[in-house]
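So the structure is just underneath, and the comments pick up after that.
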Amino acid sequence: MTQLKVADIAKNIPEYDGKTVSLKGWVYNKRSSGKIKFLMFRDGTGLIQTVIVKGECEDATFDLFEKMGQESSVIVTGKVRAEARAKLGFEITVQKVEAVQIAENYPVSHKDHGVEFLMENRHLWIRSQKQWAALRIRSEIFFTIQDFFRQRGFTRFDPPILTPTSCEGTSTLFSTPYFDEKAYLSQSGQLYGEAGAFALGNIYTFGPTFRAEKSKTRKHLTEFWMVEPEMTYATLPDVMDLGEAFVKHIVKHCLDNCQAELVILERNQDELKKILSGPFPRISYDESLKILEKRGLSIPWGEDFGAPHETALGEEFGMPVFIHHFPSKIKSFYFKNADDPNGEGVDHDGKYALGADLIAPFGYGEIIGGGQREDKVEILERRIKEHNLKVEDYKWYLDLRRYGSVPHGGFGLGAERTVAWITGVEHVRETIPFPRMMNTLKP
Ligand code: 4AD
Ligand code: MG
C-alpha cells in the first residue's frame with residue numbers, strides 16, 4: 001500500500017478537506033501558545049503545521065509533545081483542514097501522535113550555524129528547508145535535462161569514468177592505480193561523445209566528472225555532473241543555438257514546476273523570467289575586452305577571464321551571455337581555429353578558437369563551455385603533440401577524423417553551477433547532496 005504524503009494532499013486539498021489521515025515523518029519544529037501546541041511536521045515531500053489542542057486529541061499526545069525533540073520520527077493522525085493562509089494550503093488538527101523514535105539534542109537546530117559545522121553535518125543539514133528546496137530543484141533539473149534532449153531526438157550515450165587520458169589538460173587529473181596501469185577519473189565525456197555522435201547521430205552524455213582543481217571558490221567542485229551534447233554536421237552557431245534553447249528550457253521548467261521551492265529559497269523570480277524574454281547576447285572575446293575596459297577591468301589580449309571579469313560581463317547584460325572566439329592559445333587542443341574574431345573555421349592554425357562560453361548573470365560564472373571541434377587529422381595530431389600529450393593515447397580519437405570526418409561540435413553544461421544560479425544559492429556546495437571539494441571528502 002502506498003503511504004499518503006503531504007504533497008499528495010497539497011495537490012488535491014478539496015478531496016482531503018475534513019478527512020482523517022495518517023502521515024509518517026519527522027518533527028521539524030514545535031512551539032506552544034497557551035493551551036495550543038503547534039508541531040511543524042515534515043515527511044520529505046513537504047512541511048505543514050499541525051495543531052494540538054487539549055480535549056481534541058488523546059491526552060498522551062499532549063504529554064508526548066514535550067518529549068519530542070527536533071527530528072523525532074512520528075506518525076501523526078488528524079483531520080485535514082483547508083487553510084488558505086498556510087503555505088501548502090492546509091493544516092492538520094491532531095487526534096493522535098505516535099513516536100517511532102524520540103530524538104534528543106539534534107545538532108542542526110534552527111538557529112544560525114557556521115558553514116564548517118553545517119558541512120560536517122551535511123548528512124543532517126540536507127533535512128533543513130533551504131537545502132531540501134535546492135535538492136528538489138536539482139532533481140527537477142536533472143529530469144528535464146533528459147526531456148529536452150529526448151524531445152530533440154538526441155540519444156543518451158554513457159562514456160566511461162575510468163579513462164586512460166585527459167580531455168581538459170593534465171594539471172587537473174585525478175589518477176588511480178588500475179591493475180598494472182594508471183587510470184584517470186574522467187574530466188569530461190566529450191572525446192567519447194564525439195565517437196558516439198559519429199555512430200548514433202546527435203548524442204548527449206550525462207554523468208559525474210572530476211577535476212583536481214585547487215580552487216576554493218563558490219563555483220568549484222572536484223566532483224560535478226556535466227551534460228554534454230555533441231552534434232554532427234554542426235558549427236559554432238549551432239552549438240550556441242542549442243545551448244541557449246537548453247538553458248531557457250531548464251529555467252522555464254523550474255518556473256513552471258518548482259514554485260514552492262523557489263519561494264522557500266526567496267529566489268527573485270523576475271530575474272529568471274527575464275531570461276526567457278529575449279535572445280542571449282553573443283559577444284566575441286575581442287569585443288568583451290572593450291566592455292571590460294569600459295568597466296575598469298582591462299586585461300591584455302590573450303589572457304583568460306577571472307571571476308571579476310565574468311561577473312562584470314554578466315552584470316553588463318543581466319542575461320546569460322555567450323563569449324565566443326577565444327584566443328586559441330588559452331583553449332584545449334581539440335578546438336577548430338579561425339583567423340578573425342568573428343570568422344568561420346579554417347584548415348590551419350588561427351589566432352582564435354571556435355569556442356563559446358556561456359556566462360550566467362549575478363556572479364555564477366561560466367555554466368557552459370563548448371565549441372566546434374578540429375576535424376582535420378593532420379592538424380589535430382600536431383596539436384596533440386604541441387600540448388605535450390601522447391599521440392598513441394589519442395589514436396582512436398584521430399580515427400574519427402580519418403574515417404568520415406565531418407564538422408561537429410557540442411558543449412558541456414555544469415549541472416551544479418546551473419542549479420546554483422537558478423536556486424540563487426551562493427555556493428555550489430549546496431547544490432549537490434554530498435559535495436566534494438579541495439578540503440571536503442567527509443561525510
Ligand atoms: O569548460 P569545460 O572545462 O568544458 C569541457 O569539459 C568540455 N569538454 C565540454 C564539451 O565541450 N563537451 O567544462 C564545462 C562546464 C563549465 O562551463 C562549468 O559549468 C562546469 O563544466 N565545470 C565545473 N563545475 C563545477 N566545478 C568545477 N570544477 C567545474 N569545472 C567545469
Ligand atoms: Mg570552460
Side-chain angles (χ1 to χ4, degrees), residues 138 141 145 149 154 157 159 163 165-174 185-197 202-231 234 236 238-240 242-243 246-247 250 285 304-307 309-310 314 320-324 326-327 330-336 353-360 363-374 397 408-422 427-432 435-438 440:
R138 176 188 170 97
I141 289 175
I145 281 173
F149 288 114
F154 283 59
F157 184 79
T163 63
T165 50
S166 92
C167 175
E168 295 299 326
T170 48
S171 63
T172 60
L173 282 173
F174 279 115
L185 300 183
S186 176
Q187 294 170 311
S188 158
Q190 177 196 322
L191 307 188
Y192 296 96
E194 289 179 50
N202 295 342
I203 59 95
Y204 69 101
T205 71
F206 190 20
T209 46
F210 304 85
R211 306 265 170 109
E213 301 245 34
K214 294 202 169 102
S215 314
K216 291 184 204 164
T217 78
R218 49 183 283 220
K219 293 183 287 212
H220 285 92
L221 295 165
T222 54
E223 176 178 328
F224 62 98
W225 283 63
M226 198 174 3
V227 50
E228 296 181 86
E230 191 69 29
M231 298 180 289
L236 181 62
D238 301 318
V239 171
M240 290 193 272
L242 184 74
F246 183 42
V247 168
I250 295 172
Y285 171 88
D304 212 347
F305 301 140
H309 310 107
E310 289 183 350
V321 48
F322 276 112
I323 310 296
H324 56 80
F326 282 89
I330 56 168
K331 286 289 177 186
S332 298
F333 69 93
Y334 51 71
F335 283 98
K336 186 123 189 114
L354 285 180
D357 285 358
L358 185 69
I359 315 281
Y364 289 92
E366 177 200 322
I367 56 172
I368 280 182
Q372 187 177 333
R373 322 304 186 192
E374 181 51 67
Y397 184 63
H408 65 289
F411 63 78
L413 171 126
E416 287 74 19
R417 288 190 191 172
T418 305
V419 176
W421 165 54
I422 290 179
H427 197 296
V428 285
R429 67 182 161 228
E430 296 181 36
T431 64
I432 183 166
R436 293 293 170 253
M437 296 176 292
M438 205 179 153
T440 310

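In listed order, ligands and their atoms are each counted from 1.
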Atoms of ligand 1, numbered as shown, that sit under 4.0 Å from any heavy atom of K219: 25 (C), 26 (N)
Parallel, tilted or perpendicular, as decided by the 30° and 60° cut-offs, for the rings of F149 and Y204: parallel
Which value, rounded to the nearest 0.5 Å, describes the distance between I359 atom CD1 and H309 atom NE2? 11.5 Å
Which atoms of ligand 1 sit under 4.0 Å from any heavy atom of I367? 17 (O), 19 (O)
For atom 6 (O) of ligand 1, which of the options K331, M438, E230, R211 provides the nearest non-hydrogen atom? R211
Please round to the nearest 0.5 Å and tell me the distance separating atom CE of M437 and atom NE2 of H427. 5.5 Å
For ligand 1, is any non-hydrogen atom under 4.0 Å from E168's backbone (N, CA, C, O), its side chain (CB onward), both, or neither? side chain
Which atoms of ligand 1 sit under 4.0 Å from any heavy atom of S188? 6 (O), 8 (N)
Could you identify the single nearest non-hydrogen protein atom to atom 14 (C) of ligand 1 and state the distance to 0.1 Å? M226 SD, 3.4 Å
Is there a donor-acceptor pair closer than 3.5 Å between any side-chain N or O of Q187 and the backbone N or O of S166? no
Does ligand 1 come near enough to L413 that some N or O of the ligand is less than 3.5 Å from an N or O of the residue? no
Once you restrict to heavy atoms under 4.0 Å, what part of F411 touches ligand 1? Side chain, backbone, both or neither. backbone
Does E366 offer a backbone N or O that forms a donor-acceptor pair with the side chain of R417 under 3.5 Å? yes
Among protein heavy atoms, which sits nearest to atom 26 (N) of ligand 1, and what does the distance come to when rounded to 0.1 Å? L221 N, 3.0 Å
Validation row: P229, L242 side chains within 4.5 angstrom (heavy atoms): yes
Report the part of R373 (side chain from C-beta onward, or backbone N, CA, C, O) that has a heavy atom under 4.0 Å from ligand 1; answer both or neither where that applies. side chain
Under 4.0 Å from any heavy atom of G410, which atoms of ligand 1 are there? 11 (O)
Using the six-membered ring wherever Trp is involved, compare the ring planes of W225 and F206 and label them parallel, tilted or perpendicular (cut-offs 30° and 60°). perpendicular
Could you tell me whether the side chain of H324 reaches within less than 4.5 Å of the side chain of L236, counting heavy atoms only? yes
I'd like to check which ligand 1 atoms, numbered from 1 as shown, lie under 4.0 Å from a non-hydrogen atom of E213. 28 (N), 30 (N)
At under 4.0 Å between heavy atoms, which part of E416 makes contact with ligand 1: side chain, backbone, both or neither? neither
Give the residue, atom name and distance (to 0.1 Å) of the protein heavy atom nearest atom 15 (C) of ligand 1. G412 O, 3.6 Å
For ligand 1, find out whether one of its N or O atoms is nearer than 3.5 Å to an N or O atom of E228. yes
Under a 4.0 angstrom heavy-atom cut-off, which atoms of ligand 1 come close to G369? 1 (O), 9 (C), 10 (C), 11 (O), 17 (O)
Is it the side chain (CB and beyond), the backbone, both or neither of Y334 that lies under 4.0 Å from ligand 1, heavy atoms counted? side chain
N/O donor-acceptor pair under 3.5 Å between R138 side chain and T431 backbone: yes
How far is atom 30 (N) of ligand 1 from the closest protein heavy atom, and which atom is that? F224 CZ, 3.5 Å
Donor-acceptor pair, distance only, cut-off 3.5 Å: does the side chain of T209 make one with the backbone of S188? no
Give a yes/no verdict on whether any heavy atom in V428 is under 4.0 Å from an atom of ligand 1. no
Considering only N, O or S atoms of E366, the one closest to the Mg ion (ligand 2): OE2
Distance to 0.1 Å, residue and atom name: give those for the protein heavy atom nearest to atom 1 (O) of ligand 1. E366 OE2, 2.9 Å
Which part of H220 is near ligand 1, with near meaning a heavy atom under 4.0 Å away: side chain, backbone, both or neither? both
Between E230 (side chain) and I203 (backbone), is there a donor-acceptor pair under 3.5 Å? no
For G370, take its heavy atoms, then give the atoms of ligand 1 lying under 4.0 Å from any of them. 11 (O)
Are any side-chain N or O atoms of S332 and backbone N or O atoms of Y334, one a donor and one an acceptor, separated by less than 3.5 Å? no
Check whether F224 forms a cation-pi arrangement with R436 (NZ or CZ under 6.0 Å from the six-membered ring centre, at most 45° off the ring normal). no
Can any side-chain N or O of R373 pair as donor or acceptor with the backbone N or O of G410 at less than 3.5 Å? yes
Is it the side chain, the backbone, both or neither of I368 that has a heavy atom closer than 4.0 Å to ligand 1? backbone
